[in-house]
Amino acid sequence: MNTTIQINELESLLIAIIVLFLGYFINTKVTVLRKYNIPEPIVGGLIVAVIIALIHQQGIDITFKLSIKDTLMQMFFATVGLAASYKLLAQGGSRVFLFLGLATVFIIIQNAVGVTLSTLLGLDPIIGLIVGSITLSGGHGTGAAWAQSFAADYNLHVLELSMASATFGLVMGGIIGGPVAQRLINKHKLKSSFGDGEHHHIEHPDLITYSDKEEDRITSKNTIEVLFILLICVAGAAHVKELVDSFGISWLRIPDFVYALFIGVFITNISETTKVYKINSETVDALGTISLSLFLAMALMSLKLWELLELALPMLMILTVQTVVLAAFAYFVTFRVMGKTYDAAVIAGGHCGFGMGATPTAVMNMGSLVSRNGPSPQAFMVVPIVGAFFIDIANLVVLQGYLSFIQ
């Protein structure tokens with residue numbers, strides 16, 4: 001019987017910050033990590049997760065109290081919404097649907113790989129969907145929901161497999177995104193239209209970079225004002241979700257952070273249209289970067305890596321193939337279809353994130369890329385909107401089609 005040690009809220013936050021410092025330190029010392037833009041939360045978080053897994057082997061479970069984690073995620077997506085002015089949406093709106101089409105095609109391929117390999121290995125084809133888009137493009141939440149459905153409808157108990165598969169995808173999505181995109185950037189000699197460096201806000205005060213190297217000129221007053229707006233988005237998201245859920249539309253499972261994003265879009269465009277108040281973009285940039293970094297540090301340090309050891313060899317084989325297929329698709333297809341530009345390369349890196357893990361992983365990949373190579377506001381508009389909302393609807397449709405075919 002394992003002994004459980006509960007780390008309280010404040011100490012959990014302190015450890016999350018240590019995870020970031022550890023990631024920053026190691027990336028400065030290990031050239032290959034810096035060269036391929038492996039995000040700091042991935043580096044520091046995996047080290048802490050490995051330590052906790054080793055302690056778990058000794059019969060001690062360490063758990064963190066991380067109630068602030070979801071709030072940080074919603075705050076980040078609210079900043080994505082605040083960055084999406086109608087001018088930017090008008091410039092790149094069509095690319096959202098182009099990327100959605102690409103992501104949907106990949107979901108079909110992802111499930112084809114999973115079902116085909118599962119069948120060849122003598123497993124239930126439904127297992128192929130579990131190690132396909134259910135957990136990889138869908139993440140932990142989607143995996144848990146479908147596991148309950150499969151247990152009730154098919155007497156197939158796959159919750160542990162779902163959680164382990166989603167964890168594998170989260171880690172691998174964060175690892176492959178940077179190298180794939182950076183190779184594209186280097187090979188094609190691509191550059192951001194805003195240039196690289198750390199002073200973009202001097203010439204482009206309204207630009208949101210999500211770069212931790214940006215020298216933001218913010219004040220305590222601006223910080224309080226933007227924090228107030230972000231908390232309105234977070235609090236409002238809970239009420240909007242409650243209202244939508246009250247209509248009883250069972251298939252419409254929209255997470256809180258999507259509502260926070262769209263409330264942010266509404267606020268920024270109302271402010272821009274009426275000119276009553278101008279939201280300080282540099283403060284939005286800084287708070288968005290802080291929220292995302294802390295959220296991802298908390299997510300990675302709380303991973304239960306020992307669940308990956310429980311994956312049978314056939315499952316690991318399928319998931320490894322899925323990783324290679326996504327990297328190839330992003331490199332050869334996503335990049336080309338999205339225009340073979342710098343923005344397209346960053347989007348390809350983001351696709352690796354949510355195609356194997358989750359939308360925050362995608363944004364983390366892109367954040368590491370823009371910190372080194374320069375801003376890509378188009379990528380930060382296209383990928384979060386598709387990954388946070390539209391892809392779940394596409395995933396549901398594709399999965400229903402596969403289930404009707406294999407059953």
Side-chain angles (χ1 to χ4, degrees), residues 13-14 16-21 23-24 27-28 37 39-41 44 68-85 88 192 194-235 237 257 260-261 263-265 267-268 271-272 277-299 346 350 359-381 383-384:
L13 177 59
L14 285 171
I17 296 174
I18 292 172
V19 164
L20 288 177
F21 289 157
Y24 293 142
N27 274 18
T28 60
N37 296 299
E40 288 85 358
I68 194 176
K69 184 176 73 170
D70 290 341
T71 299
L72 289 168
M73 179 174 66
Q74 292 179 54
M75 286 176 61
F76 166 72
F77 279 103
T79 67
V80 174
L82 291 177
S85 69
L88 184 60
S192 169
F194 297 94
D196 54 11
E198 304 170 3
H199 306 281
H200 298 96
H201 288 151
I202 295 176
E203 295 184 13
H204 309 281
D206 294 330
L207 181 67
I208 305 295
T209 66
Y210 293 114
S211 167
D212 56 13
K213 295 181 180 179
E214 190 67 55
E215 293 188 358
D216 295 307
R217 300 162 298 174
I218 62 179
T219 66
S220 57
K221 180 175 179 292
N222 287 337
T223 303
I224 292 295
E225 289 174 351
V226 173
L227 182 61
F228 175 70
I229 294 171
L230 294 180
L231 293 179
I232 287 177
C233 294
V234 172
F257 66 83
L261 186 153
I263 292 174
V265 172
I267 290 175
T268 196
S271 300
E272 191 168 314
Y277 174 76
K278 181 172 177 56
I279 300 172
N280 186 274
S281 299
E282 294 183 50
T283 309
V284 171
D285 201 347
L287 289 178
T289 303
I290 292 169
S291 299
L292 178 64
S293 297
L294 286 174
F295 164 74
L296 289 167
M298 291 178 179
V346 178
T359 305
T361 310
V363 177
M364 174 181 65
N365 288 346
M366 296 190 299
S368 294
L369 289 163
V370 300
S371 290
R372 176 178 177 180
N373 301 289
S376 177
Q378 187 179 100
F380 277 91
M381 180 193 70
V383 173

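Note that this is a predicted model, so its numbers are computed, not measured.
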Y277, OH atom: more than 12 neighbouring heavy atoms under 6.0 Å: yes
P360 side chain reached by F77 side chain, heavy atoms, under 4.5 Å: yes
Interatomic distance, M364 atom CE to L369 atom CG [nearest 0.5 angstrom]: 10.5 Å
S192 side chain vs P375 backbone, donor-acceptor pair below 3.5 Å: yes
CZ-CD1 distance between F295 and I68, expressed to the nearest 0.5 angstrom: 12.5 Å
Side-chain touch L72/F76, heavy atoms, less than 4.5 angstrom: no
Listed once per pair and sorted, the salt bridge (Lys or Arg N to Asp or Glu O under 4.0 Å) pairs that draw on residues 219-235, sequence neighbours left out: K221-E225
Spacing of OG1 belonging to T223 relative to CD1 belonging to I218, to within rounding of 0.5 Å: 4.0 Å
Distance-minimising heavy-atom pair for S293 and P41: O-CG, 4.2 Å
Atom of A260, atom of A237 and distance for their closest heavy-atom approach: N-CB, 3.6 Å
Residues which pass side-chain hydrogen bond (donor to acceptor under 3.5 Å, both in side chains) with T219, listed by chain and number, not counting sequence neighbours: N222
From N280 atom CG to D285 atom CG, the distance as rounded to the nearest 0.5 Å: 10.0 Å
Steps toward side chain to side chain contact (heavy atoms under 4.5 Å, CB included) verdict (V234, L230): CA-CA 6 Å; V234 172; L230 294 180; 5.5 Å; no
Sequence-distant partners of I232, side chain to side chain contact (heavy atoms under 4.5 Å, CB included), two or more places apart: F228, I267
Side chains of F21 and I17 in contact at under 4.5 Å (non-hydrogen atoms): yes
Criterion side chain to side chain contact (heavy atoms under 4.5 Å, CB included) on M75 and L227, from CA distance to verdict: CA-CA 9 Å; M75 286 176 61; L227 182 61; 3.7 Å; yes
Closest contact, heavy atoms only, A78 versus C233: CB-CB, 3.6 Å
Working for side chain to side chain contact (heavy atoms under 4.5 Å, CB included), residues L13 and M298: CA-CA 8 Å; L13 177 59; M298 291 178 179; 3.6 Å; yes
All side-chain hydrogen bond (donor to acceptor under 3.5 Å, both in side chains) counterparts of N27, not counting sequence neighbours: none
Shortest non-hydrogen contact from N365 toward P39: OD1-CG, 3.9 Å
A379: side chain to side chain contact (heavy atoms under 4.5 Å, CB included) partners, not counting sequence neighbours: V346, I347, M366, S376
Atom pair CD/OG of Q74 and S291 - distance to nearest 0.5 Å: 11.0 Å
Closest heavy-atom pair and its distance - T268, G81: CG2-O, 3.5 Å
Working for side chain to side chain contact (heavy atoms under 4.5 Å, CB included), residues V383 and V363: CA-CA 8 Å; V383 173; V363 177; 5.5 Å; no
Minimum heavy-atom distance A362-G350, with the two atoms named: CB-O, 3.0 Å
